[in-house]
Amino acid sequence: MSDVTLRELEWTDLATLAAMEHELFADDAWSEQTWWAELAGRPRRDYVVAVADGSVVGYAGIDVSGDVADVMTVATAPRQQRRGIGRMLLDDLVHRASSRGCEALILEVRADNEAARHLYEHCGFEIISVRRRYYQPGDVDALVMRRLLTEGDR
Ligand SMILES: CC(C)(COP(=O)(O)OP(=O)(O)OC[C@H]1O[C@@H](n2cnc3c(N)ncnc32)[C@H](O)[C@@H]1OP(=O)(O)O)[C@@H](O)C(=O)NCCC(=O)NCCS
(Lines give C-alpha, C1' and ligand atoms only; values in the text may rest on other atoms or scores of the structure.)
Protein backbone atom coordinates (compact mmCIF):
# COMPACT_ATOMS: atom_id res chain seq x y z
CA MET A 1 0.00 0.00 0.00
CA SER A 2 3.05 2.28 -0.02
CA ASP A 3 2.02 3.47 -3.51
CA VAL A 4 -1.36 4.81 -2.32
CA THR A 5 -1.69 8.21 -0.66
CA LEU A 6 -4.69 10.12 0.69
CA ARG A 7 -5.49 13.79 0.11
CA GLU A 8 -8.42 16.20 0.28
CA LEU A 9 -11.00 16.11 -2.53
CA GLU A 10 -10.42 18.91 -5.08
CA TRP A 11 -12.76 20.34 -7.73
CA THR A 12 -10.49 18.97 -10.47
CA ASP A 13 -11.38 15.41 -9.25
CA LEU A 14 -15.13 15.77 -9.76
CA ALA A 15 -15.39 14.57 -13.38
CA THR A 16 -13.29 11.51 -12.49
CA LEU A 17 -15.48 10.73 -9.49
CA ALA A 18 -18.65 11.01 -11.57
CA ALA A 19 -17.17 8.51 -14.07
CA MET A 20 -16.18 6.12 -11.26
CA GLU A 21 -19.66 6.42 -9.76
CA HIS A 22 -21.18 5.35 -13.07
CA GLU A 23 -18.99 2.23 -13.08
CA LEU A 24 -19.57 1.39 -9.40
CA PHE A 25 -23.17 2.38 -8.71
CA ALA A 26 -24.91 2.31 -12.16
CA ASP A 27 -28.42 3.75 -11.72
CA ASP A 28 -27.61 5.19 -8.26
CA ALA A 29 -24.49 7.02 -9.45
CA TRP A 30 -23.92 10.59 -8.29
CA SER A 31 -23.55 12.99 -11.22
CA GLU A 32 -20.81 15.61 -11.53
CA GLN A 33 -23.44 18.17 -10.51
CA THR A 34 -24.13 16.24 -7.30
CA TRP A 35 -20.40 16.18 -6.58
CA TRP A 36 -20.22 19.96 -7.01
CA ALA A 37 -23.00 20.28 -4.40
CA GLU A 38 -21.12 17.93 -2.05
CA LEU A 39 -17.95 20.01 -2.44
CA ALA A 40 -19.93 23.20 -1.78
CA GLY A 41 -21.20 21.56 1.42
CA ARG A 42 -17.81 21.81 3.10
CA PRO A 43 -16.89 21.94 5.94
CA ARG A 44 -19.94 19.98 7.06
CA ARG A 45 -19.24 17.57 4.21
CA ASP A 46 -15.67 16.24 4.36
CA TYR A 47 -14.22 14.10 1.53
CA VAL A 48 -10.92 12.33 0.99
CA VAL A 49 -9.52 10.69 -2.15
CA ALA A 50 -6.96 7.88 -2.55
CA VAL A 51 -4.36 8.38 -5.27
CA ALA A 52 -2.00 5.87 -6.93
CA ASP A 53 0.39 6.72 -9.77
CA GLY A 54 -1.23 10.14 -10.07
CA SER A 55 -4.76 8.73 -10.56
CA VAL A 56 -7.73 8.74 -8.19
CA VAL A 57 -8.41 5.11 -7.18
CA GLY A 58 -10.88 5.64 -4.35
CA TYR A 59 -12.87 8.16 -2.36
CA ALA A 60 -14.91 8.50 0.81
CA GLY A 61 -16.64 11.16 2.83
CA ILE A 62 -18.66 12.09 5.90
CA ASP A 63 -21.38 14.52 6.87
CA VAL A 64 -20.66 15.99 10.29
CA SER A 65 -23.68 17.00 12.33
CA GLY A 66 -23.17 17.68 16.02
CA ASP A 67 -21.90 14.66 17.95
CA VAL A 68 -22.46 12.25 15.06
CA ALA A 69 -20.95 11.86 11.61
CA ASP A 70 -22.62 9.92 8.78
CA VAL A 71 -20.62 8.08 6.14
CA MET A 72 -21.81 9.46 2.78
CA THR A 73 -19.88 7.03 0.60
CA VAL A 74 -16.82 4.77 0.39
CA ALA A 75 -15.64 3.45 -2.98
CA THR A 76 -12.61 1.86 -4.61
CA ALA A 77 -12.06 1.62 -8.37
CA PRO A 78 -12.92 -1.93 -9.54
CA ARG A 79 -9.37 -2.82 -10.66
CA GLN A 80 -7.92 -1.59 -7.34
CA GLN A 81 -10.22 -3.46 -4.96
CA ARG A 82 -9.00 -5.96 -2.30
CA ARG A 83 -5.73 -4.06 -1.83
CA GLY A 84 -6.64 -2.36 1.44
CA ILE A 85 -7.72 0.99 -0.06
CA GLY A 86 -11.26 0.78 1.35
CA ARG A 87 -9.90 0.16 4.83
CA MET A 88 -7.42 3.00 4.43
CA LEU A 89 -10.24 5.38 3.44
CA LEU A 90 -12.53 4.25 6.25
CA ASP A 91 -9.76 4.59 8.83
CA ASP A 92 -9.26 8.13 7.60
CA LEU A 93 -12.99 8.88 8.02
CA VAL A 94 -12.82 7.53 11.59
CA HIS A 95 -9.87 9.83 12.26
CA ARG A 96 -11.58 12.85 10.66
CA ALA A 97 -14.84 12.36 12.57
CA SER A 98 -13.05 11.81 15.85
CA SER A 99 -10.77 14.82 15.37
CA ARG A 100 -13.86 16.97 14.78
CA GLY A 101 -15.27 15.94 18.16
CA CYS A 102 -17.81 13.34 17.03
CA GLU A 103 -18.71 10.51 19.38
CA ALA A 104 -19.94 8.09 16.72
CA LEU A 105 -19.77 7.34 13.02
CA ILE A 106 -22.99 5.99 11.49
CA LEU A 107 -23.71 4.47 8.09
CA GLU A 108 -26.37 2.68 6.14
CA VAL A 109 -25.57 -0.28 3.91
CA ARG A 110 -27.59 -2.60 1.70
CA ALA A 111 -27.85 -5.99 3.38
CA ASP A 112 -26.82 -7.64 0.08
CA ASN A 113 -23.58 -5.62 -0.27
CA GLU A 114 -21.23 -8.31 1.08
CA ALA A 115 -18.01 -6.43 0.31
CA ALA A 116 -19.09 -3.26 2.10
CA ARG A 117 -20.52 -5.17 5.08
CA HIS A 118 -17.26 -7.06 5.54
CA LEU A 119 -15.26 -3.88 5.22
CA TYR A 120 -17.35 -2.10 7.84
CA GLU A 121 -17.25 -5.04 10.25
CA HIS A 122 -13.51 -5.20 9.73
CA CYS A 123 -13.26 -1.56 10.82
CA GLY A 124 -15.29 -2.07 14.01
CA PHE A 125 -18.82 -1.12 12.91
CA GLU A 126 -21.75 -2.95 14.52
CA ILE A 127 -25.35 -3.27 13.33
CA ILE A 128 -27.64 -1.15 15.54
CA SER A 129 -30.88 -1.42 13.56
CA VAL A 130 -32.44 -2.84 10.41
CA ARG A 131 -34.78 -0.95 8.06
CA ARG A 132 -36.83 -3.69 6.46
CA ARG A 133 -37.26 -3.55 2.66
CA TYR A 134 -35.77 -0.05 2.67
CA TYR A 135 -34.22 -0.28 -0.81
CA GLN A 136 -36.75 -0.44 -3.62
CA PRO A 137 -37.14 -2.04 -6.02
CA GLY A 138 -35.85 -5.35 -4.69
CA ASP A 139 -37.09 -5.37 -1.10
CA VAL A 140 -33.55 -5.14 0.24
CA ASP A 141 -33.05 -4.33 3.92
CA ALA A 142 -30.88 -1.42 5.03
CA LEU A 143 -28.51 -2.14 7.90
CA VAL A 144 -27.69 0.82 10.10
CA MET A 145 -24.20 0.39 11.51
CA ARG A 146 -22.31 2.38 14.11
CA ARG A 147 -18.73 2.74 15.24
CA LEU A 148 -18.25 4.51 18.57
CA LEU A 149 -15.25 6.84 18.51
CA THR A 150 -12.67 7.14 21.26
CA GLU A 151 -9.69 9.35 22.07
CA GLY A 152 -7.45 6.75 20.41
CA ASP A 153 -9.12 7.35 17.02
CA ARG A 154 -7.84 10.94 16.80
C1 LIG B 1 -16.78 -1.91 -0.49
C2 LIG B 1 -15.49 -1.44 -1.14
C3 LIG B 1 -15.33 0.08 -0.90
C4 LIG B 1 -14.29 -2.16 -0.51
O5 LIG B 1 -13.11 -1.55 -1.00
P6 LIG B 1 -11.71 -2.34 -1.07
O7 LIG B 1 -10.68 -1.31 -1.38
O8 LIG B 1 -11.80 -3.49 -1.98
O9 LIG B 1 -11.58 -2.85 0.44
P10 LIG B 1 -10.28 -3.43 1.17
O11 LIG B 1 -9.32 -4.00 0.15
O12 LIG B 1 -9.75 -2.39 2.09
O13 LIG B 1 -10.91 -4.61 2.01
C14 LIG B 1 -11.02 -4.55 3.41
C15 LIG B 1 -11.82 -5.74 3.90
O16 LIG B 1 -13.16 -5.63 3.44
C17 LIG B 1 -13.65 -6.94 3.12
N18 LIG B 1 -13.96 -7.02 1.68
C19 LIG B 1 -13.65 -6.12 0.71
N20 LIG B 1 -14.13 -6.54 -0.48
C21 LIG B 1 -14.75 -7.73 -0.25
C22 LIG B 1 -15.45 -8.64 -1.08
N23 LIG B 1 -15.61 -8.43 -2.39
N24 LIG B 1 -16.01 -9.74 -0.50
C25 LIG B 1 -15.87 -9.97 0.83
N26 LIG B 1 -15.19 -9.14 1.67
C27 LIG B 1 -14.65 -8.03 1.13
C28 LIG B 1 -12.57 -7.91 3.51
O29 LIG B 1 -12.77 -8.26 4.85
C30 LIG B 1 -11.33 -7.07 3.34
O31 LIG B 1 -10.23 -7.52 4.08
P32 LIG B 1 -9.25 -8.64 3.45
O33 LIG B 1 -8.94 -8.23 2.03
O34 LIG B 1 -8.06 -8.59 4.37
O35 LIG B 1 -10.02 -9.92 3.53
C36 LIG B 1 -15.46 -1.75 -2.68
O37 LIG B 1 -15.83 -3.12 -2.85
C38 LIG B 1 -16.38 -0.89 -3.51
O39 LIG B 1 -15.98 0.21 -3.92
N40 LIG B 1 -17.60 -1.36 -3.78
C41 LIG B 1 -18.56 -0.62 -4.60
C42 LIG B 1 -19.04 0.63 -3.91
C43 LIG B 1 -19.76 0.31 -2.60
O44 LIG B 1 -20.57 -0.61 -2.55
N45 LIG B 1 -19.45 1.11 -1.55
C46 LIG B 1 -20.06 0.92 -0.24
C47 LIG B 1 -21.43 1.45 -0.17
S48 LIG B 1 -21.48 3.20 -0.27
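Note that ligands are numbered from 1 as they come in the structure, with each ligand's atoms numbered from 1 the same way. This structure is a prediction, so every number in the text was calculated from the model and none was measured.
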How close do [X] and [Y] get, heavy atom to heavy atom, and via which atoms?
X   : Y    : result
R87 : C123 : CG-SG, 3.7 Å
W35 : L14  : CB-CD2, 3.8 Å
E10 : L39  : C-CD2, 4.4 Å

Output yes when a side-chain donor or acceptor of D141 lies under 3.5 Å from a complementary backbone atom of V130, and no otherwise.
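A pair under 3.5 Å: no.
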Salt bridge (Lys or Arg N to Asp or Glu O under 4.0 Å) for R79 and E23? Distances and angles first, verdict last.
CA-CA 11 Å; R79 282 164 297 284; E23 203 176 358; 3.6 Å; yes
For residues 89-104, please give each side-chain donor-acceptor pair under 3.5 Å, one per line with the distance, not counting sequence neighbours.
unit_1, atom_1, unit_2, atom_2, d
D92, OD2, R96, NE, 2.5
D92, OD2, R96, NH2, 3.4
H95, ND1, D153, O, 3.3
R96, NH1, E8, OE1, 3.4
R96, NH1, E8, OE2, 3.1
R96, NH1, D46, OD1, 2.7
R96, NH2, E8, OE2, 2.8
S98, OG, T150, O, 3.4
S99, OG, H95, O, 2.7
R100, NH1, P43, O, 2.8
R100, NH1, D46, OD2, 3.2
R100, NH2, P43, O, 2.9

Who's touching ligand 1 if we go heavy atoms under 4.0 Å?
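The answer is L24, F25, V74, A75, T76, Q81, R82, R83, G84, I85, G86, R87, N113, A115, A116, H118, L119, Y120, H122, counting any residue whose heavy atom sits under 4.0 Å from ligand 1.
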